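Predicted model, so just to flag it, every value in this text is computed and none were measured. Below, each value reflects all heavy atoms present in this structure, side chains not excepted, and no hydrogens, waters or symmetry copies.
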Amino acid sequence: MLGLAGWLDESLRGADLEARAQVAGQLALLQAMGLAVPEEAWRRTADPEEMAPTPADARPPTADPALWQRLAEASADRRVGETALAALLLLGNAGPAGTPPAVVARVVGALRAVGLDSDARAIAREAAAALAG
């Protein structure tokens with residue numbers, strides 16, 4: 001077993017921006033599921049010295065700011081139904097496999113916060129499988 005450090009070494013070797021985003025997405029999903037991800041792992045995914053050239057037109061993924069805020073407020077107030085609705089709207093037709101990992105991680109964390117752990121795990125698994133190819 002490689003462990004996190006070994007996995008990061010393998011995953012980041014020669015990785016371009018898209019591959020690094022996939023690794024960061026996997027880290028975000030792990031963290032959203034309650035696993036501790038060390039700061040060093042996050043730093044390595046963003047370290048420009050380890051990066052391969054980045055396409056000029058690459059942009060970070062975005063989510064609807066209003067839905068993002070609604071999800072945060074609903075989960076903080078433990079409003080289960082509203083949290084689930086905002087999560088579904090953020091995932092949209094693309095679902096966990098086609099939604100940016102940072103958005104999926106936020107959805108997973110919010111669902112866990114309101115006690116929907118099994119749903120959060122299912123969403124995280126689907127997103128992680130898509131990231132793994």
> Closest approach of Val107 and Ile123, non-hydrogen atoms and distance?
Replying inline: CG1-CD1, 4.4 Å
>> Among residues at least two apart in sequence or on other chains, which ones pass salt bridge (Lys or Arg N to Asp or Glu O under 4.0 Å) with Glu39?
In response: none
> Sub-3.5 Å donor-acceptor pair from the side chain of Ser75 to the main-chain atoms of Ala113, do we have one?
Replying inline: no
> To the nearest 0.5 Å, how far apart are CD in Glu40 and OG1 in Thr45?
Replying inline: 10.0 Å
> Taking the side chain as C-beta and beyond, is there a heavy-atom pair between Asp9 and Arg44 under 4.5 Å?
Replying inline: yes
> Would a 4.5 Å heavy-atom cut-off, applied to side chains only, mark Leu71 and Leu90 as touching?
Replying inline: yes
> What are the two closest non-hydrogen atoms of Ala84 and Leu116, and how far apart are they?
Replying inline: CB-CD1, 4.4 Å
> What are the two closest heavy atoms between Ala124 and Leu29, and how far apart are they?
Replying inline: O-CD1, 4.0 Å
> How far apart are the closest heavy atoms of Val80 and Val114, and which atoms are they?
Replying inline: CG2-O, 3.7 Å
>> Return the CG to CD distance between Leu91 and Glu126, rounded to the nearest 0.5 Å.
In response: 8.5 Å
>> Within the 4.5 Å heavy-atom criterion, are Leu4 and Leu27 side-chain neighbours or not?
In response: yes
> Within the distance-only criterion (no hydrogens, no angle test), does the side chain of Arg112 pair as donor or acceptor with the backbone N or O of Ala120 below 3.5 angstrom?
Replying inline: no
>> I'd like to know whether Gln22 forms a side-chain hydrogen bond (donor to acceptor under 3.5 Å, both in side chains) with Gln26, so could you lay out the CA-CA distance, the side-chain angles of the two residues, the decisive distance to 0.1 Å, and finally the verdict.
In response: CA-CA 6 Å; Gln22 288 178 335; Gln26 291 168 334; over 6 Å; no
> How would you list all residue pairs meeting salt bridge (Lys or Arg N to Asp or Glu O under 4.0 Å) that involve residues 76-101, not counting sequence neighbours?
Replying inline: Arg70-Glu82, Asp77-Arg79, Arg79-Glu82
>> If I compare all heavy atoms of Ala74 with all of Thr83, which pair ends up nearest, and what's the gap?
In response: C-OG1, 3.2 Å
> So, the side chain of Ser11 versus the backbone of Val23: is there a donor-acceptor pair under 3.5 Å, distance only?
Replying inline: no
>> To check you understand the geometry: which heavy-atom pair defines the closest contact between Gly25 and Leu131, and what is its length?
In response: C-CD1, 3.8 Å
> Would Trp42 and Gln31 count as having a side-chain donor-acceptor pair, cut-off 3.5 Å?
Replying inline: yes
